Amino acid sequence: MVGKPGRRVTVFGAGYIGLVTGACLAELGHRVVVRDINADRIQLLRGGGVPIHEPGLGELITKNKERLSFTLDLREALDGAEVVYVCVDTPPSASGDADLSRVWTVVDSLTGAAHLRAVVMKSTVPVGTGTRVRAVLDGAGLAHLGYASNPEFTAEGKAVHDFLHPDRVVVGTSDETTAQLMRELHEGVDGPVVVMDVKSAEMVKLASNALLATKISFINEIATLCENTGADVEEVARAVGLDHRLGSHFLRAGIGWGGSCFPKDSEALRQLANNTGYHLQLLSAVIEVNNLQKRRAIQKLAEALGTLAGARVVLLGLTFKPGTDDMRESPSTVLASRLLAEGAQVHCWDPLARPGDVQPWASTIRHPTPLEALEGADAAIVVTEWPQLKEVDWARAAAAMRRPVLFDGRNLLDPQAMRALGFTYMSVGRP
Ligand code: UDX
């Protein structure tokens, strides 16, 4: 994309964030090596495969293959590198704090890489991590290295677009040389680079995700109140969202938020506050509302069916949102576990998810099409708003089900039309 030769960048981690970051930096003209410790993943990438489903990513990797390579080898990864991006995962630890062990492994491996100019932290980390990384780098004789916190705000399913056309690129650093290097690395990106101190940048990521999760839990609570009063949450959200001070995004009521970021980051922020002796009351309620939202769906089905014991219940959609194969913290996992615990048989359909044979999925039956899954079922739950579900022949589905009971957890279908087809139809916050 840029005319001049780019920087030599090493990305640690070939997951969602690392691959998108690597491919997009290559697209911007930089020479990128992505390093991972998973041999299968690297082999697949070297053979032209893409281990995750992310629209546009495969094309971008192919288009930029001259400037993008993949390796398991640490020495090869760091050879000639000027900038290191840390894109490893930071899963919750037993205490609920983020587990930074993978981050430390990367930082420790940088000793001796004298030609490096900067380390960029893209992994989501607790506020204060930058200060600790700085101390480790200084102690390892790498005081000349710049450090930047550069949180990602990409949403799965549109990660490539979000990287190249962001609302903002947040850069937290204490020195102008690194700030300038980051501006240079992002030349060609269609969005402003906002520079601030490291701790504030670390906080922006956690605060942004917590506020988005808050909007969803808020509208989900209003949806419950709509059900109790006869109002329609879709109408309410539409009009509330027209107030430019509030905005229309993240006001879709549903079965609750999931994914790789919101659950993990909201819990990490809560624990971060707890560690400072402060209890984030609002955020705790936001998390609680989200947990309840999934359980309420099961409760509604139990009421409609009389009992869930022995009932055949279908989960339509398993991923935490459409357009991805990601099932991390998906509401479907909680629903499947709860249904099995109540003695139901769980059948499911999803166009992309590969749940594997771990529980609860090992005890479920998967089908290639929604109609096949619905055959003989006592009830179904729309968990993910896959567009394919709009195209289902619902008249045939009603005839094929033993009892046509449907809980539409994403308000995807038209209540009147579904009831006209004979469904006992329930949704979220709609009369
Ligand atoms: C999110 C943030 O958007 C992104 O900036 C951050 O970097 C990572 O977390 P992602 O997890 O990919 O991205 O998905 P997103 O589209 O934001 O949806 C998150 C969850 O909220 C999904 O489960 C979705 O179904 C749910 N959601 C979203 C709602 O229930 N209602 C809404 O109005 C919006």
Side-chain angles (χ1 to χ4, degrees), residues 1-2 4-39 41-46 50-52 57 60-61 64-90 100-125 129-130 133-134 136-137 140-152 154 159 163 169 171 173 177-178 180-189:
M1 227 173 183
V2 289
K4 59 185 171 187
R7 294 284 179 185
R8 176 52 188 84
V9 178
T10 299
V11 175
F12 279 87
Y16 277 95
I17 300 307
L19 283 179
V20 171
T21 301
C24 288
L25 287 173
E27 169 73 2
L28 292 171
H30 305 294
R31 287 161 297 134
V32 182
V33 179
V34 179
R35 196 254 178 170
D36 202 287
I37 53 169
N38 183 326
R41 190 161 270 237
I42 293 299
Q43 199 184 1
L44 181 74
L45 285 158
R46 282 183 152 172
V50 183
I52 56 171
L57 180 60
L60 212 59
I61 291 176
N64 293 292
K65 61 176 188 289
E66 308 276 286
R67 283 191 296 272
L68 185 58
S69 62
F70 305 94
T71 186
L72 284 170
D73 189 83
L74 180 65
R75 202 181 292 231
E76 187 186 322
L78 288 174
D79 189 26
E82 296 169 276
V83 185
V84 157
Y85 269 75
V86 184
C87 300
V88 293
D89 50 337
T90 52
L100 297 184
S101 53
R102 293 175 180 90
V103 169
W104 293 122
T105 305
V106 174
V107 173
D108 290 343
S109 71
L110 302 180
T111 321
H115 43 275
L116 269 182
R117 294 188 52 193
V119 178
V120 181
M121 184 63 67
K122 234 172 163 52
S123 299
T124 302
V125 293
T129 303
V133 174
R134 181 75 271 164
V136 172
L137 292 174
L142 296 169
H144 65 282
L145 266 192
Y147 179 86
S149 161
N150 175 218
E152 54 84 18
T154 55
F163 190 102
V169 176
V171 172
T173 188
T177 313
T178 306
Q180 196 46 39
L181 178 62
M182 291 301 285
R183 286 189 196 99
E184 196 193 302
L185 280 166
H186 287 88
E187 263 172 35
V189 159

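Bear in mind that the values here come from a model prediction, so they are computed numbers and not experimental data. The analysis underlying the following values was restricted to heavy atoms, covering all of them including side chains, and did not include hydrogens, waters or symmetry mates.
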State, yes or no, whether a side-chain contact exists between [X] and [Y] at a heavy-atom distance under 4.5 Å.
X	Y	answer
Val106	Arg35	no
Tyr147	Val120	no
Thr105	Val88	no
Thr71	Arg46	yes
Glu152	Thr21	no
Leu57	Leu19	yes
Leu185	His30	yes
Val84	Leu78	yes

Step by step, would you call Leu142 with Leu116 a side-chain contact (heavy atoms from CB on, under 4.5 Å)?
CA-CA 9 Å; Leu142 296 169; Leu116 269 182; over 6 Å; no

Do you know which two heavy atoms are closest between [X] and [Y], and how far apart they sit?
X	Y	value
Ala148	Val171	CB-CG1, 4.3 Å
Arg67	Ala26	NE-O, 2.9 Å
Ala159	Thr154	O-CG2, 3.6 Å
Ala81	Ala77	CB-O, 4.2 Å
Gly22	Val11	CA-CG2, 4.0 Å
Val34	Ala14	CG1-CB, 3.8 Å

Could you tell me the separation between the [atom1] atom of [X] and the [atom2] atom of [Y], rounded to the nearest 0.5 Å?
X	Y	atom1	atom2	value
Leu181	Thr173	CG	OG1	9.5 Å
Lys122	Thr90	NZ	OG1	13.5 Å
Gln43	Leu72	CD	CG	9.0 Å
Leu45	Ile52	CG	CD1	9.0 Å
Phe163	Leu60	CZ	CG	10.0 Å
Ile37	Leu74	CD1	CG	11.5 Å

Just checking Glu76: does its CD atom have more than 12 heavy atoms from other residues, nucleotides or ligands closer to it than 6.0 angstrom?
yes

Under the salt bridge (Lys or Arg N to Asp or Glu O under 4.0 Å) test, residues paired with Arg134 that sit two or more places apart:
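By the salt bridge (Lys or Arg N to Asp or Glu O under 4.0 Å) rule, Arg134 matches Asp138.
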
Please list, chain by chain and in numerical order, all residues satisfying salt bridge (Lys or Arg N to Asp or Glu O under 4.0 Å) with Arg7, sequence neighbours excluded.
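Partners of Arg7 by the salt bridge (Lys or Arg N to Asp or Glu O under 4.0 Å) criterion, ordered by chain and then number, come out as Glu82, Glu184.
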
Could you walk me through whether Asn150 and Tyr85 pass the side-chain contact (heavy atoms from CB on, under 4.5 Å) test, one step at a time?
CA-CA 9 Å; Asn150 175 218; Tyr85 269 75; 3.8 Å; yes

Carefully, step by step, assess Met121 and Val103 under the rule side-chain contact (heavy atoms from CB on, under 4.5 Å).
CA-CA 9 Å; Met121 184 63 67; Val103 169; 3.5 Å; yes

Apply the test side-chain contact (heavy atoms from CB on, under 4.5 Å) to residues Gln180 and Arg183: give CA-CA distance (whole Å), side-chain angles for both, the deciding distance (0.1 Å), then the verdict.
CA-CA 5 Å; Gln180 196 46 39; Arg183 286 189 196 99; 2.8 Å; yes

Quick check against the 3.5 Å criterion: does Arg31 have a side-chain atom that pairs as donor or acceptor with the backbone of Gly6?
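The answer is yes, because a donor-acceptor pair under 3.5 Å joins these two groups.
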
